[in-house]
Amino acid sequence: MPGRYADHRREPVLFAADAVFVAVEAVDIKANLQLNFTVLQWPRILERIVKRTPVKSVKNVTNAFQRMSTERKRATMASVVLGVVGVAFIWQSFAAVNPNLQGDLNGDNKVTIADLSILLSNFNKTGDTADLNGDGKVTIADLSILLSNWGKTYSGGGTTPPPTTPPPTTPPPTTPPTTPPTPVPPTAGQPTVKIDGKDYPNPLTLKNGQPVSTKAIWESQRRAELLQDFRQNVYGFIPEPTNVTFDVKPTTSGSNVRKNVTINYTGPNGSGSFPIRVFIPKSEAKPKGTFVIIDHRNNGSDDFNQNSDYMPIAKLLQNGYAVAPINVGNDVAADGGGYRDKVISKMIGADKDNAARAIGAWSWAAMRAMDYLQTDTDIDPKKVAVIGHSRSGKASLWAGAQDTRFAAVISNDSGSTGAKLARRGDGGVGGETVQRINDSFPHWFPQTYKAYNNKVDSLPVDQHELIALVAPRRAIVASATDDGNADPQGEFLSYVNATPVYSLYGYGNNGLGGKGWRPDTGKNYRGDAMSYFLRAGGHGLTGQEWNAYMTGDIFSPGPP
């Protein structure tokens with residue numbers, strides 16, 4: 001139907017003009033109503049615009065944008081942004097000073113057209129680059145965050161911006177802030193950190209050398225840098241599915257329910273499915289929490305009474321926990337030849353140097369299990385932990401580092417490319433090295449990781465940064481004194497040196513009280529959002545560890 005936007009050549013300009021009109025109205029309304037300019041309050045703002053706008057700008061903008069093709073939407077967005085940038089200067093007078101400076105995408109401590117260019121080049125794409133609100137996609141919500149900080153600069157180091165003089169009619173604040181500012185970790189901005197006398201990458205330094213002095217900088221910039229480096233160099237890439245559905249078949253036994261869930265997924269190269277089991281204790285209250293177990297041993301069965309040390313389903317149910325084991329070796333990616341036959345063939349297709357292999361696929365499956373648990377009304381999706389032992393512990397750490405929906409992430413004797421520091425080599429105890437693990441298990445990690453077999457000091461990351469990616473959620477590292485292959489001291493040092501990132505959130509107490517290697521065995525060291533457990537004995541997941549994991553609330557950060 002012919003109309004205001006019938007001429008495609010004029011469409012972007014007209015669209016931008018109406019968008020600016022709408023934005024100006026929004027700024028004016030925001031000032032009058034004392035609203036925050038956020039996506040959540042757009043409905044209220046737009047309601048006022050519709051009542052006040054003499055021209056039908058809102059309707060024109062909405063209808064035209066819905067009729068555009070994807071390509072024209074992206075092209076038109078450029079015109080819109082050029083108009084809205086002008087409004088951002090008006091908006092700036094209403095925005096509170098933000099020393100955390102979300103929107104500084106290039107790390108130059110200010111939000112300018114360079115950052116806007118980065119965001120626009122990633123608009124409507126998935127991934128961590130320019131995803132300011134952490135929802136996995138770059139959308140108008142991220143643009144709103146960037147524009148709200150347009151033209152601002154960050155002074156660094158926690159420096160307070162110079163105060164502005166309030167209007168004469170505004171009384172000075174009488175109530176001092178109740179929470180002191182979180183101190184900046186002293187290592188922030190240093191090129192490297194010393195661990196056991198050796199240089200390691202510093203999680204609190206951006207690639208451009210600037211310090212990570214606030215949790216906002218960590219979340220908007222450094223976290224994305226580290227995830228990219230781990231994907232490219234250690235664990236490999238595997239895309240998100242384009243569609244996920246679930247078939248659920250419940251079975252009741254006494255006071256418990258088992259749900260046999262089939263997770264159906266669609267990827268770039270076809271569709272597939274894999275099963276999980278979710279055991280839930282029946283009671284008026286929801287379970288204390290849910291453990292997603294990545295099980296490469298394929299020990300899970302339909303038996304409500306299975307109760308081995310490794311897979312204590314009955315014990316967990318009796319103590320009020322739900323549990324969801326995944327037989328990843330049988331159902332997701334084989335632990336050996338044929339590892340590409342299931343998930344990887346559908347999600348990746350032809351092998352690439354930086355493509356994920358078995359460990360990456362197992363982590364991906366745990367995240368798909370979390371997709372399902374978000375829909376299960378019989379559990380609390382905010383109280384879900386992912387756990388793995390040994391090689392599955394490598395997968396649990398990688399799953400938890402990527403997926404912030406997991407409230408707790410548990411590594412049990414995960415060793416090399418799990419919790420153990422790579423640069424320690426064999427740690428003097430015969431621990432597994434990068435070269436040994438790649439030579440012995442070539443199906444676990446991508447080809448890019450093998451390039452570091454003989455030059456681990458060149459890795460852009462190390463495993464203390466993997467644990468740090470769990471922050472501010474609870475990271476739990478468990479080791480065994482005689483597990484030389486996993487190098488328990490290397491796991492301990494990695495745990496300790498993830499602490500500075502937790503300090504950004506005010507969770508700098510890691511529970512150890514300054515203890516060095518080696519801490520007491522059999523003691524549950526619980527900090528604000530970090531926990532450590534050292535068992536006397538060899539490689540294994542036993543009742544001692546499970547008792548530690550069931551002690552206290554591991555699903556919520558806070559003082560022990």
Could you state the interatomic distance from OG1 (Thr404) to CG (Leu469), rounded to the nearest 0.5 Å? 11.0 Å
Let me know which of Trp517, Tyr525, Phe533 forms a ring-ring contact (aromatic ring centres under 6.0 Å, His included) with Phe492. Trp517
Non-hydrogen atoms of Ala498 and Met530 that approach each other most closely: CB-CE, 4.2 Å
Can you confirm whether Lys382 sits close enough to Val384 that some side-chain heavy atom of one is under 4.5 Å from a side-chain heavy atom of the other? no
For the backbone of Gly527 and the side chain of Ser531, can you confirm whether one donor and one acceptor N or O come within less than 3.5 Å of each other? no
So Lys346 and Ser271, do their side chains get closer than 4.5 Å, heavy atoms only? no
Test item: Lys259 and Tyr372 side chains (from C-beta on) under 4.5 Å apart, heavy atoms: yes
Is Thr521 close to Thr481 at the side-chain level, that is, under 4.5 Å between some pair of heavy atoms? yes
Step-by-step side-chain contact (heavy atoms from CB on, under 4.5 Å) determination, Phe246 to Asp371: CA-CA 9 Å; Phe246 316 104; Asp371 290 341; 3.9 Å; yes
I'd like to know if Lys286 pairs up with Asp378 as an ion pair, taking the criterion as any Lys NZ or Arg NE/NH1/NH2 lying under 4.0 Å from an Asp or Glu carboxylate oxygen. no
From Arg424, Lys420, Arg423, residue fulfilling side chain to side chain donor-acceptor pair (under 3.5 Å) relative to Asp462: Arg423
What is the minimum heavy-atom distance between Asn412 and Ala478, and which atoms define it? OD1-CB, 3.6 Å
Measure the acute angle between the ring planes of Tyr339 and His443, then classify it against the limits of 30° and 60° as parallel, tilted or perpendicular. tilted
Salt bridge or not for Arg535 and Asp483, using N-O below 4.0 Å? no
Can you tell me how far CD1 of Ile217 sits from CG of Leu504, rounded to the nearest 0.5 angstrom? 9.0 Å
Ring-ring centroid check His296 His389, cutoff 6.0 Å: no
More than 12 foreign heavy atoms under 6.0 Å from NZ of Lys352: is that the case here? yes
Taking side chain as C-beta onward, heavy atoms only, is Asn233 less than 4.5 Å from Pro460? yes
Lys288 and Asp380: salt bridge (Lys or Arg N to Asp or Glu O under 4.0 Å), yes or no, with the steps? CA-CA 8 Å; Lys288 297 177 182 178; Asp380 185 345; over 6 Å; no
Would you name the heavy atoms of Val278 and Ala324 that are closest together and state the gap between them? CG2-CB, 4.1 Å
Trace of the side-chain contact (heavy atoms from CB on, under 4.5 Å) decision for Thr448 with Gln232: CA-CA 7 Å; Thr448 47; Gln232 175 63 29; 3.8 Å; yes
With no hydrogens and no angle check, is any side-chain donor or acceptor of Ser396 less than 3.5 Å from a backbone partner on Ile410? yes
I'd like to know if the side chain of Lys450 and the backbone of Pro442 have a donor-acceptor N/O pair within less than 3.5 Å. yes
Rounded at 0.5 Å granularity, tell me how far CG in Leu512 sits from CG in Asp520. 10.5 Å
If we check side chain to side chain donor-acceptor pair (under 3.5 Å) with Tyr310, which of these qualifies: Asp295, Asn299, Thr542? Asp295
CG (Asn298) and CG (Asp335) are apart, to the nearest 0.5 Å, by 8.5 Å
Under the 3.5 angstrom rule, does the side chain of Thr192 hit a backbone N or O of Pro201 as a donor-acceptor pair? no
Using 30° and 60° as the class boundaries, would you call the ring planes of Tyr532 and Tyr495 parallel, tilted or perpendicular? tilted
Using 0.5 Å steps for rounding, measure from the CG atom of Asp487 to the OG1 atom of Thr433. 11.0 Å
Ion pair check, Arg368 and Glu240, cut-off under 4.0 Å: yes
Please work out which of the three classes, parallel, tilted or perpendicular, describes the rings of Phe291 and Tyr321, given edges at 30° and 60°. tilted
Would Lys315 and Asn547 count as a side chain to side chain donor-acceptor pair (under 3.5 Å) if you check the C-alpha gap in whole Å, the side-chain angles of each, and the deciding distance to 0.1 Å? CA-CA 10 Å; Lys315 179 179 180 178; Asn547 288 339; 2.8 Å; yes
Scan Trp364, Tyr235, Phe445, Trp362 and name whichever one has a ring-ring contact (aromatic ring centres under 6.0 Å, His included) with Trp398. Tyr235
Hey, does the side chain of Thr205 reach the backbone of Gly189 with a donor-acceptor pair shorter than 3.5 angstrom? yes
Main-chain N/O of Ser301 paired with Gln306 side-chain donor or acceptor, under 3.5 Å: yes
Heavy-atom pair with the smallest gap, counting every atom of Pro281 and Pro287: CD-CG, 4.0 Å
Taking Pro211's backbone N and O only, do any of them form a donor-acceptor pair with Arg222's side chain (distance below 3.5 Å, no angle check)? no
Non-hydrogen atoms of Leu204 and Pro500 that approach each other most closely: CD1-CB, 3.7 Å
Just wondering, do Ser255 and Phe304 contact through their side chains at under 4.5 Å, heavy atoms? no
Sub-4.5 Å side-chain heavy-atom contact between Phe279 and Pro325: yes
Checking side chain to side chain donor-acceptor pair (under 3.5 Å) between Thr499 and each of Asp528, Asn509, Asn510, which is the one that passes? Asn510
Lys342 vs Met347, side-chain contact (heavy atoms from CB on, under 4.5 Å): CA-CA, chis, key distance, verdict: CA-CA 9 Å; Lys342 296 180 180 177; Met347 298 306 303; over 6 Å; no
Cation-pi check, Arg391 onto Phe441 ring (under 6.0 Å, within 45° of axis): yes
When you measure from the side chain of Ser414 to the backbone N and O of Ser390, does any donor-acceptor pair fall under 3.5 Å? no
Heavy-atom closest contact (Asp553 atom, Arg526 atom, distance): O-NH2, 2.6 Å
About how many Å separate CD1 of Ile313 and CG of Asn256, when rounded to the nearest 0.5 Å? 10.5 Å
Would you sort out whether Tyr449 and Thr417 count as a side-chain contact (heavy atoms from CB on, under 4.5 Å), showing the intermediate values? CA-CA 10 Å; Tyr449 193 40; Thr417 324; 2.9 Å; yes
Please confirm whether the backbone N or O of Asn485 pairs with a side-chain atom of Glu432, one donor and one acceptor, at under 3.5 Å? no
What I want to find out is whether Arg436 reaches Asp426 closely enough, with some N-O distance under 4.0 Å, to be called a salt bridge. no
Would you check if Ile276 and Val292 make a side-chain contact, meaning some heavy-atom pair closer than 4.5 Å? no
Under the 3.5 angstrom rule, does the side chain of Thr266 hit a backbone N or O of Thr242 as a donor-acceptor pair? no
Kindly determine whether Ser479 and Glu491 satisfy side chain to side chain donor-acceptor pair (under 3.5 Å), including the steps that lead there. CA-CA 7 Å; Ser479 303; Glu491 295 178 317; 2.5 Å; yes
